[in-house]
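Inspection log for the structure reproduced underneath, given as structure tokens.
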Protein chains: 2
Amino acid sequence: MSIRNKPNGGRPPAPLMDNDCMRCPVRAESLFGALPDDVVERLNNPSEHLVIPAGEVIYQENAEALASYTLKDGVIKLTRTAVNGREQILRLLTQGDIMGVESLLGQTYNHTATTLTPVQLCRLPLSVLKRLQTDHPTLNNALLARWAAALQQVETLAVELGTKKANERLATFLLYWADKNGGHAQVPLPLSRTETGELLGLTVETVSRFFAEWKRRGYVSEKAGVLTLHDREALNQLGGGYTATKLTALTGSPRIG
Amino acid sequence: MSIRNKPNGGRPPAPLMDNDCMRCPVRAESLFGALPDDVVERLNNPSEHLVIPAGEVIYQENAEALASYTLKDGVIKLTRTAVNGREQILRLLTQGDIMGVESLLGQTYNHTATTLTPVQLCRLPLSVLKRLQTDHPTLNNALLARWAAALQQVETLAVELGTKKANERLATFLLYWADKNGGHAQVPLPLSRTETGELLGLTVETVSRFFAEWKRRGYVSEKAGVLTLHDREALNQLGGGYTATKLTALTGSPRIG
DNA sequence: CGATCTATTGATCACATTCAAATTTGGTGG
DNA sequence: CCACCAAATTTGAATGTGATCAATAGATCG
């Protein structure tokens, strides 16, 4: 079984889902951490729980937006396609992240969302979200915090793309990804070489070459889609140092209930 | 007098400022388009009007945030500095844009804000903005729309940086900038060659070379900091076509008053 | 007018892409 | 369990692009 077929990129799976938002394991960190219990109670009906295999497209850039989603387990990439046809991965979503909310302000999705691992999603029709937003203005605080975090992430990506060389970008990304997944030396890497290139503005071959070199040097190793970082310091020096993004925006997200 | 010393990059200056938010020429398009008249009325005291020459830093990345700003006239760049010391311009602000609001969710500014032309600003202490946000939840809608627009912009930048070549990025940028400034053939370009490079992830020399070549070919000309586009089609083909960003998010911003 | 900063141009070099081929991996069914 | 296939990865060689280094020309401001 490939890494891409392991839920949550190989991490311990979230507890089994039922259709009860109240008992949702990601509720606290999700958007609805901001909503009172009785409101979340009534969410049961409209929201819909989905289990989707790896490699599926959840929605397409520019398609009419019908729903937003909360990612309960697994990894999803958000991409945009340039005029020349090349793809750019803009964000990688993991447990607790939301997507498709941008259509609150437009009619269409801004990205294509594709599963990189099997995924558990909670689907919320936009109509419901819009009503919630009207009825509970505090929800906007949570949305604002999410938007701010997304902006931070994409800004960081733009700085990487605009100021660093191939090996620096790749090294920084590996450290970032390990950090994001608990900071352990072992980390599932659900991105193919091609996808890693699409994130970092590089070709498959370039990505592959640096991986190969770093394996030779003993900086990293890889087995069954799980990456092991043996020499963070070496990568750190290559990447020019990785500093965790300020996440105050998210951790400080309001809990009203 | 260089272009950088012309307010608003050489465009007709905004009407003379007084300290009256009610008569502010950018109020409708500004954040406070969302606020009722009587509330804006009371803004007179706390908000402060500033006139600042070109080349000044308004605030620094990571500095403690004390105020947010509305840009009434002129051009400002928002930059972040990478670990290796190289700068990345993330956004260019023009009339009606706001900045420094990210500190609502953190303690510090996320960017360094530098004037590219003389500038007229409206400074609003964060304490006031926070109070407004609490008292008028609808303000969050306007903030959300701004944040969404900013995210769109930076995502577009990331796609440019990640998927396009030097000449494509530069061509696209020129078309974008002309479009943003009313779509006329003549456009003030308040960026130095170095700064253009810092926006597009290129060196001064590379930027200069393409400008030179395109001048030779008659695609563009330049005089006193004003760029003239003679052959948009040529640039369009180079850049792979420029499509205006969806701005529904902004144009649809709620007006409550 | 002279000093200083910015832009241009040229020559060389390093990096990353491209094109092509070989190899490995993971999944399939015998 | 092994053989086989398709897809992904790795590796090599050649090319092209953009960076770097260096020198000149031009603009701006006191």
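Letters A, B, ... are given to chains in the order of the sequence lines, protein chains preceding strands, and every chain is numbered from 1.
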To the nearest Å, give me how far apart [atom1] ([X]) and [atom2] ([N]) are.
{"X": "A:Trp214", "N": "D:dT10", "atom1": "CH2", "atom2": "C1'", "value": "16 Å"}
{"X": "B:Glu198", "N": "D:dA19", "atom1": "CD", "atom2": "P", "value": "13 Å"}
{"X": "B:Phe210", "N": "D:dG18", "atom1": "CZ", "atom2": "C1'", "value": "8 Å"}
{"X": "A:Lys164", "N": "D:dA19", "atom1": "NZ", "atom2": "C1'", "value": "18 Å"}
{"X": "A:Glu168", "N": "C:dA16", "atom1": "CD", "atom2": "C1'", "value": "13 Å"}
{"X": "B:Arg193", "N": "D:dT28", "atom1": "CZ", "atom2": "C1'", "value": "15 Å"}
{"X": "A:Glu213", "N": "D:dG12", "atom1": "CD", "atom2": "P", "value": "12 Å"}
{"X": "B:Leu200", "N": "D:dA19", "atom1": "CG", "atom2": "C1'", "value": "16 Å"}

> What's the verdict on side chain to side chain contact (heavy atoms under 4.5 Å, CB included) for B:Ile58 and B:Leu121, showing C-alpha distance, side-chain angles and the deciding distance?
Replying inline: CA-CA 10 Å; B:Ile58 311 289; B:Leu121 285 175; 3.7 Å; yes
>> Below 30° counts as parallel, above 60° as perpendicular, anything between as tilted: where do the rings of A:Trp214 and A:Tyr219 land?
In response: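 Rings of A:Trp214 and A:Tyr219: tilted, 30 to 60°.
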>> Please determine whether side chain to side chain contact (heavy atoms under 4.5 Å, CB included) holds for the pair B:Val83 and A:Thr163, giving the CA-CA distance in whole Å, both sets of side-chain angles, and the decisive distance to 0.1 Å.
In response: CA-CA 9 Å; B:Val83 276; A:Thr163 63; over 6 Å; no
>> Return whichever of A:Arg216 or B:Ala166 has its heavy-atom-nearest nucleotide of DNA chain D closer to the 5' end.
In response: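 This one resolves to A:Arg216.
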>> Show, in sequence, the C-alpha distance, side-chain angles and deciding distance for B:Leu229 and B:Val187, and conclude whether the side chain to side chain contact (heavy atoms under 4.5 Å, CB included) test is met.
In response: CA-CA 8 Å; B:Leu229 303 185; B:Val187 134; over 6 Å; no
> Measuring from B:Gln88:CD to A:Glu160:CD, what's the distance to the nearest 0.5 Å?
Replying inline: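 With rounding to 0.5 Å, CD (B:Gln88) is 10.5 Å from CD (A:Glu160).
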>> Students often get this wrong, so: under 4.0 angstrom with heavy atoms, is A:Lys215 touching a base, only sugar-phosphate, or nothing?
In response: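 A:Lys215: backbone/sugar contact only, no base atoms under 4.0 Å.
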>> Base, sugar-phosphate or nothing for A:Gly201? Non-hydrogen atoms, less than 4.0 Å.
In response: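 Sugar-phosphate, no base atom in range.
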> Could you write nucleotides 18-25 of chain C as a row of B, S and -, 5' to 3', where a protein heavy atom under 4.0 Å of any base atom gives B, of only sugar-phosphate atoms gives S, and otherwise -?
Replying inline: BB------
>> Quick check on A:Glu213: does its CD atom have over 12 non-hydrogen neighbours (other residues, nucleotides or ligands) under 6.0 Å away?
In response: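 More than 12 heavy atoms, drawn from other residues, nucleotides or ligands, come within 6.0 Å of this atom.
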>> Using side-chain heavy atoms (C-beta onward) and a distance below 4.5 Å, is B:Glu102 in contact with A:Leu151?
In response: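 When only atoms from C-beta onward are counted, A:Leu151 and B:Glu102 do not touch, as no gap falls below 4.5 Å.
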